[in-house]
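Taking it in order: structure first as structure tokens, then the write-up.
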Amino acid sequence: MMIRAYDEMYLDDAMECLGAAVEYAVLHCNVGGQEFLDLFVAGGMADEFGRGNVKYISGMSGIELARHVLSKCGVSVGEHTDIAHINYPPEYWCGWILAYYQWYSGKSFAFICRKIKFQMLMDVYGVLHEADPSKAADVFDQVITRKEETNLAYYRKMKGLSQSQLAKASGVSVRSIQLFEQRKSNINNAQYNHLSAIAKVLGCEVEDLLE
């Protein structure tokens with residue numbers, strides 16, 4: 001049996017807190033969903049939250065958490081009042097289900113958010129938000145353990161480019177791209193300028209290409 005980072009008695013509070021934090025940051029502070037999650041991780045709050053620090057999972061509201069994340073990372077936000085929920089929007093569900101999956105899986109938020117992007121959460125909201133959260137956890141497990149293709153191949157195909165087209169546009173050799181996609185060369189050890197050129201063509205971040 002997996003040992004959870006914190007007791008299940010705090011899980012509902014944690015899910016409510018992160019759900020409300022994401023909703024507040026995106027809908028009331030006009031911060032991008034992925035940007036907020038990146039700041040949540042970069043600022044160290046995600047580690048504390050994931051370890052079950054009661055200050056974060058139960059000791060503050062979602063709005064307080066969002067403002068804490070944004071202010072600690074130097075993002076200026078205006079004064080906003082707490083708005084009661086009428087209907088929980090998709091942005092709320094994204095944070096809510098992330099909190100559940102981190103608790104359920106035991107994986108760090110940093111790892112999860114590299115593999116499961118905010119836009120993907122928004123994309124699956126329609127089919128998963130009314131299902132038991134364990135169903136979403138199963139889907140996320142499949143995404144994270146996907147080994148059939150590399151992140152590079154995934155983003156290249158999403159952009160509709162062949163390997164040769166990507167090579168021409170990025171200036172990185174076709175052979176290098178082939179070796180990365182076949183995992184015969186470790187893309188994590190690639191030259192940064194090569195990764196940056198590829199990411200620019202594919203419209204993603206360098207970190208998205210890492211394995």
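Computed from heavy atoms alone, side chains included, the values below leave out hydrogens, waters and symmetry copies. We're numbering straight along the sequence, starting at 1.
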Self-check item: Rounded distance (nearest 0.5 Å) linking atom CG of L195 with atom CG of L209
Solution: 6.0 Å

Quiz item: Considering all heavy atoms of both residues, which atom of H129 and which atom of W93 are nearest to each other, and what is their separation?
Solution: CA-NE1, 3.3 Å

Quiz item: Going from CG on D132 to NZ on K135, what distance comes out if it is rounded to the nearest 0.5 angstrom?
Solution: 10.5 Å

Exercise. Flag yes if I144 and V139 sit in one hydrophobic cluster, no otherwise; membership is Ile, Leu, Val, Met, Phe, Trp, Tyr, and two members link when side-chain heavy atoms are under 4.5 Å apart.
Key: yes

Quiz prompt | Evaluation steps, side-chain contact (heavy atoms from CB on, under 4.5 Å), between W96 and V22 | solution = CA-CA 9 Å; W96 183 87; V22 173; over 6 Å; no

Quiz item: Minimum heavy-atom separation for Y6 to A99, with atom names?
Solution: OH-O, 4.2 Å

Quiz item: Do you reckon L179 sits in the same ILVMFWY cluster as L210, going by side-chain contacts under 4.5 Å, direct or chained?
Solution: no

Quiz prompt | Pairs meeting criterion ring pair (Phe, Tyr, Trp, His ring centres under 6.0 Å) with involvement of residues 44-77, two or more places apart | solution = F40-F49, F49-F109, Y56-H68

Practice problem: Applying side-chain contact (heavy atoms from CB on, under 4.5 Å), run through V31 and L70 and close with a yes or a no. | Solution: CA-CA 9 Å; V31 175; L70 296 174; 4.1 Å; yes

Practice problem: Give the minimum heavy-atom separation between A167 and S173, together with the two atoms involved. | Solution: CB-C, 4.0 Å

Practice problem: Side-chain contact test, heavy atoms from C-beta onward, threshold under 4.5 Å: evaluate it for I112 versus Q102 and give yes or no. | Solution: yes

Quiz item: Any side-chain heavy-atom pair from F180 and T150 closer than 4.5 angstrom?
Solution: no

Exercise. Answer yes if L152 and V174 sit in the same cluster of Ile, Leu, Val, Met, Phe, Trp and Tyr residues linked by side chain heavy atoms under 4.5 Å apart, and no otherwise.
Key: no

Practice problem: State which residues pass side-chain hydrogen bond (donor to acceptor under 3.5 Å, both in side chains) with S162; sequence neighbours excluded, sorted by chain then number. | Solution: S164, Q165

Quiz prompt | Atom of A197, atom of S170 and distance for their closest heavy-atom approach | solution = CB-O, 3.4 Å

Quiz item: Are any of the side-chain nitrogens in R51 or E48 under 4.0 Å away from the carboxylate oxygens of its partner?
Solution: yes

Quiz item: Quick one: are I57 and D13 in side-chain contact, heavy atoms under 4.5 Å?
Solution: no

Exercise. Please examine the side chains of K115 and K107, heavy atoms only from C-beta on, and report whether any two atoms are closer than 4.5 Å.
Key: no

Quiz item: Are side-chain heavy atoms of F118 and E35 found at a separation under 4.5 Å?
Solution: no

Quiz item: Same cluster for M120 and Y101 if Ile/Leu/Val/Met/Phe/Trp/Tyr side chains link at under 4.5 Å?
Solution: yes

Quiz item: Considering only heavy atoms from C-beta outward, does the side chain of D208 approach that of K117 to under 4.5 Å?
Solution: yes

Practice problem: Could you tell me whether the side chain of Y104 reaches within less than 4.5 Å of the side chain of D138, counting heavy atoms only? | Solution: yes

Self-check item: Heavy-atom closest contact (M45 atom, L39 atom, distance)
Solution: CE-O, 4.3 Å

Quiz item: Under 30°, 30 to 60°, or over 60°: which ring-plane class applies to Y92 and Y88, parallel, tilted or perpendicular?
Solution: tilted

Exercise. Can you see which heavy atom on A199 is nearest to which on V206, and at what distance?
Key: CB-N, 3.9 Å

Quiz item: Got a second to check how far C94's SG is from F36's CZ, nearest 0.5 Å?
Solution: 12.0 Å

Exercise. Output, in order, the C-alpha distance, side-chain angles, deciding distance and verdict of side-chain contact (heavy atoms from CB on, under 4.5 Å) for V201 and Y155.
Key: CA-CA 10 Å; V201 173; Y155 281 101; over 6 Å; no

Quiz item: In Å, rounded to the nearest 0.5 Å, how long is the span from CD of E149 to CD of Q182?
Solution: 13.5 Å

Self-check item: For E207, all residues meeting side-chain hydrogen bond (donor to acceptor under 3.5 Å, both in side chains), sequence neighbours excluded
Solution: none

Quiz item: Is there a side-chain contact between Q119 and Q34, using heavy atoms and a 4.5 Å cut-off?
Solution: no

Exercise. Quick one: pull up CD in E91 and CG in L121 and give me the separation to the nearest 0.5 Å.
Key: 11.0 Å

Exercise. Find the distance between CD1 (I187) and CD1 (I198) and round it off to the nearest 0.5 Å.
Key: 6.0 Å

